> 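Quick one: the structure is below, and I'll ask about it shortly.
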Amino acid sequence: MEVFSATIASIFFIIFIYIFFIKDQSSTKGLPPGPKPWPIVGNLLQLGDKPHAQFAELAQTYGHDLFSLKLGSQTVVVASSPAAATQVLKTHDRILSGRYVFQSFRVEKHVNNSIVWCECNDNWKMLRKVCRTEVFSAKMIESQAHLREAKAMELVEFLKGREGQVVKIIEVVFGSLVNIFGRLIFSQDVFDLGDPTGGSAEMKDHIWQMLEMGNSANPADYFPFLGKFDLFGQRRAVANCLQQIYDVWGAMLRERRRAAKEGAGSHPLHDFVSILLDAGLDDQRINALLMELFGAGTETSSSTIEWAMAELTKNPSIKEKLRREMESVLGKERVKESDIPRLPYLQAFVKETLRLHPATPMLLPRRALETCQVMGYTIPKDCQIMVNAWAIARDPKIWKDPLKFSPERFLGSSLDFKGNDFEFIPFGGGRRICPGIPLATQFIGIIVATLVQNLDWSLPNGMDPSELVMEEKFGLTLQKEPPLLIVPKSIYF
Ligand code: HEM
């Protein structure tokens, strides 16, 4: 019996070795060069909390265009130059348009209806079309400008009320953005800025929980065979959280449908929900899309605004230039979104913030739908592909004095983030480019301009702005450590 058990154990051991060593070795044939992986863990131990910076260093050694590495048993290819980004996001856009869906988010009902995670199938095309022609159309964006302007001013009033007190800027900006989204999406606030327990506490908690779960590591992303067991219950937690959010929204959707029926087919409110109902989307699609807009829009935009505030704090002369531009163009008028096209320095400032601090430094991971050849290397089917937009935007071969925060570099330049200039791709590119660009740029522009026009602030404890340490963590972090703390001071013209 013992001999039998030992034989079975040996067979399993050999299969295990085969899977992790021999099969792995053969699957690396033709891949871009990269650091030698350790057995089983691959190059995981070489990653810290800033993979985009570590990947930038690896690119120096192994391949300025493309290099590959193993994260556990997953093969990952990283593009780190504009030429390689062009290949991934343009030349091979179709084949490389799959998404690598994080294991915690593999909740079937959500993924199938998700614009972020589903394949570029008919459902995805329909959702993108609704976004392009309805939700983010120029008419819709313009019609809701007054809401964002009012919320930006509410934020200023809130901060003025905290004069002399220390404020963690990300929390108030995040709260403001969630409220703007609440208003744009279903015409109601989610947070009460002045009362941390106020607003819709239930919805606020669910959204925080979702964002935190999205940021927590799942070992199954490195060892996919663990995925089906959901060992740490992360997928179940995401599914529960989504269900709770959908339940709240479900009640609202039912109420809207009822009101629409009674009002002979017209929805009284002009918000995203009414657009989606009018577009004939079913509840599951609406739920998934609303979740996506909240998830993809709030954290990215609020972290960009936090970076903008940090740069303004560190560079008071830039804050002054923004103020002077507004004074000369608008006089004493309060800034509005429709003024942004007349404020070139503000536009250049937003671009420079996105260049140095892209909210998703390596975009969202893509997946090869088929094996293909890119720049003479083999990219195997199902391989994960990342584009290091952060490294590209700091490459001294492309940018003069790349680490200097200088909005001037964009003045008089046609360089834009709309996916055609592959040296500057904070919103990605190709068919999966961020559909929220028109909204994100309005948000960021109006909030930054309103803060600069109406408020002054300093760092706590008389700290000198030059001492401000500005370090990115990986991508979609809530930037809890170190947060930007400021002391608001009102300014009066
Ligand atoms: C500063 C703000 C933002 C940044 C930096 C940003 C960045 C990105 C990036 C890099 C991608 C992946 C693109 C690719 O794979 O090539 C993406 C996708 C996406 N973004 Fe944004 N985003 C921002 C704001 C928003 C907003 C405000 C919304 C909507 C309200 C939004 C909705 C989406 C959606 C739905 C996708 C998935 C698109 C798809 O897979 O087809 N984003 N975003």
Side-chain angles (χ1 to χ4, degrees), residues 52 79 85-86 88-90 92-93 96-101 105 110-111 113-121 123-132 134-136 140-141 144 148 173-174 177-178 180-185 214 271-272 275-276 285 288-308 350-351 353-367 384-390 392-393 417-420 422 424-448 472 475-476:
H52 50 287
T86 312
V88 172
L89 302 175
K90 190 174 168 188
H92 299 280
D93 185 32
L96 304 181
S97 69
R99 276 272 185 247
Y100 173 77
V101 185
F105 281 86
H110 181 65
V111 170
N113 291 300
S114 159
I115 209 170
V116 178
W117 301 118
C118 74
E119 301 298 352
C120 297
N121 51 25
N123 188 40
W124 173 86
K125 280 186 199 149
M126 187 271 289
L127 291 171
R128 293 264 330 186
K129 191 169 167 220
V130 171
C131 280
R132 192 178 59 251
E134 307 284 346
V135 181
F136 302 127
M140 186 67 182
I141 299 274
Q144 295 181 323
R148 291 183 292 272
V173 170
F174 182 77
L177 279 177
V178 173
I180 298 182
F181 268 92
R183 291 268 152 198
L184 300 182
I185 290 177
D271 53 22
F272 289 175
I275 288 181
L276 300 178
R285 284 191 179 132
L289 191 56
L290 296 186
M291 186 60 237
E292 220 101 85
L293 299 183
F294 259 111
T298 49
E299 201 178 2
T300 46
S301 307
S302 54
S303 85
T304 306
I305 294 170
E306 187 187 32
W307 279 115
V350 172
K351 282 184 180 169
T353 306
L354 287 163
R355 180 186 73 85
L356 271 180
H357 312 292
T360 47
M362 292 195 285
L363 311 184
L364 293 179
R366 300 229 176 170
R367 185 174 53 80
Q384 224 186 98
I385 298 111
M386 296 187 184
V387 177
N388 197 341
W390 180 89
I392 295 174
F417 41 58
K418 301 212 175 116
N420 301 316
F422 290 89
F424 182 43
I425 43 169
F427 294 101
R431 66 191 66 202
R432 298 213 84 136
I433 191 170
C434 174
I437 298 177
L439 185 60
T441 45
Q442 295 300 80
F443 269 151
I444 300 168
I446 193 65
I447 291 186
V448 168
E472 290 95 346
L476 292 169

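Order of listing sets the numbers, starting from 1, for every ligand and every atom in it. Because the structure is a prediction, the values reported are computed rather than measured.
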> Considering the heavy atoms of Leu363, write down every atom of ligand 1 situated less than 4.0 Å from one of them.
10 (C)

> If the cut-off is 4.0 Å to any non-hydrogen atom of Gly297, which atoms of ligand 1 fall inside it?
25 (C), 26 (C), 27 (C), 28 (C)

> So, does Arg355 use its side chain to make a donor-acceptor pair with the main chain of Phe424 at under 3.5 Å?
no

> Got the closest protein heavy atom to atom 35 (C) of ligand 1, with its distance?
Ile115 CG2, 3.1 Å

> Checking contacts here: is it the side chain or the backbone of Ala296 that comes within 4.0 Å of ligand 1, counting heavy atoms only? Could be both or neither.
both

> Tell me whether ligand 1 is touched by Gly429 - counting only heavy atoms on the residue side and a distance under 4.0 Å.
yes

> Please state whether Trp124 comes within less than 4.0 angstrom of ligand 1, counting heavy atoms only.
yes

> Pull out every atom of ligand 1 sitting under 4.0 Å from any heavy atom of Pro426, numbered as shown with elements.
5 (C), 7 (C), 10 (C)

> Taking the side chain as C-beta and beyond, is there a heavy-atom pair between Ile444 and Thr353 under 4.5 Å?
no

> For the side chain of Arg285 and the backbone of Asn123, is there at least one donor-acceptor N/O pair under 3.5 Å apart?
no

> Look at atom 4 (C) of ligand 1 and say which protein heavy atom is nearest, naming residue and atom and giving the distance to 0.1 Å.
Phe427 CE2, 3.4 Å

> Who's the nearest protein heavy-atom neighbour of atom 21 (Fe) of ligand 1, and how far?
Cys434 SG, 2.3 Å

> Quick check: does any side chain N or O of Arg432 sit under 3.5 Å from a backbone N or O of Val116, one acting as donor and the other as acceptor?
yes

> Would you call Ile392 and Phe422 a side-chain contact if the rule is heavy atoms closer than 4.5 Å?
no

> Measure the distances from the heavy atoms of Arg99 to every atom of ligand 1 and state whether one is below 4.0 angstrom.
yes

> Determine, using heavy atoms of Phe181 and all atoms of ligand 1, whether some pair is separated by less than 4.0 Å.
yes

> Can you confirm whether Phe136 sits close enough to Leu293 that some side-chain heavy atom of one is under 4.5 Å from a side-chain heavy atom of the other?
yes

> What protein heavy atom lies closest to atom 16 (O) of ligand 1? Include the residue and the distance to one decimal.
Arg366 NH2, 2.9 Å

> Check whether any side-chain heavy atom of Leu439 lies under 4.5 Å from a side-chain heavy atom of Phe181, and answer yes or no.
yes

> Parallel, tilted or perpendicular, judged at 30° and 60°: which one describes the rings of Trp307 and His357?
parallel

> Does Ile444 reach ligand 1, in the sense of a heavy atom lying below 4.0 Å from it?
yes

> Starting from atom 36 (C) of ligand 1, which protein heavy atom do you reach first, and at what distance in Å?
Pro435 CD, 3.5 Å

> Applying the side-chain contact (heavy atoms from CB on, under 4.5 Å) test to Leu89, which of Leu96, Ile433, Leu363 qualifies?
Leu363

> Under 4.0 Å from a heavy atom of Arg128: which atoms of ligand 1 are those, numbered in the order shown and with their elements?
38 (C), 39 (C), 41 (O)

> Among all protein non-hydrogen atoms, which one is nearest to atom 24 (C) of ligand 1, and what is the separation to 0.1 Å?
Thr300 OG1, 3.4 Å

> Check whether any side-chain heavy atom of Ile141 lies under 4.5 Å from a side-chain heavy atom of Arg148, and answer yes or no.
yes

> For Ser301 and Thr298, indicate whether the former's side chain and the latter's backbone hold a donor-acceptor pair under 3.5 Å.
no

> How are the rings of Phe427 and Phe417 set to each other: parallel, tilted or perpendicular (split at 30° and 60°)?
perpendicular

> Please identify which atoms of ligand 1 are closer than 4.0 Å to at least one heavy atom of Leu293.
29 (C), 30 (C)

> At a 4.0 Å threshold, what atoms of ligand 1 neighbour a non-hydrogen atom of Thr304?
1 (C)

> If you count the atoms of ligand 1 from 1 in the order shown, which ones are under 4.0 Å from a heavy atom of Gly428?
10 (C), 13 (C), 16 (O)

> What protein heavy atom lies closest to atom 13 (C) of ligand 1? Include the residue and the distance to one decimal.
Arg432 O, 3.2 Å

> Side chain or backbone of Val116 under 4.0 Å from ligand 1, or both, or neither, by non-hydrogen atoms?
both

> Side-chain contact, heavy-atom cut-off 4.5 Å: Ile185 with Asp271?
no

> Tell me whether ligand 1 is touched by Pro358 - counting only heavy atoms on the residue side and a distance under 4.0 Å.
no

> Is the side chain of Glu292 donor-acceptor paired with the backbone N or O of Ile115 at a distance under 3.5 Å, no angle test?
yes

> Identify, for atom 10 (C) of ligand 1, the protein heavy atom at the shortest distance, and state residue, atom and that distance.
Thr360 OG1, 3.1 Å

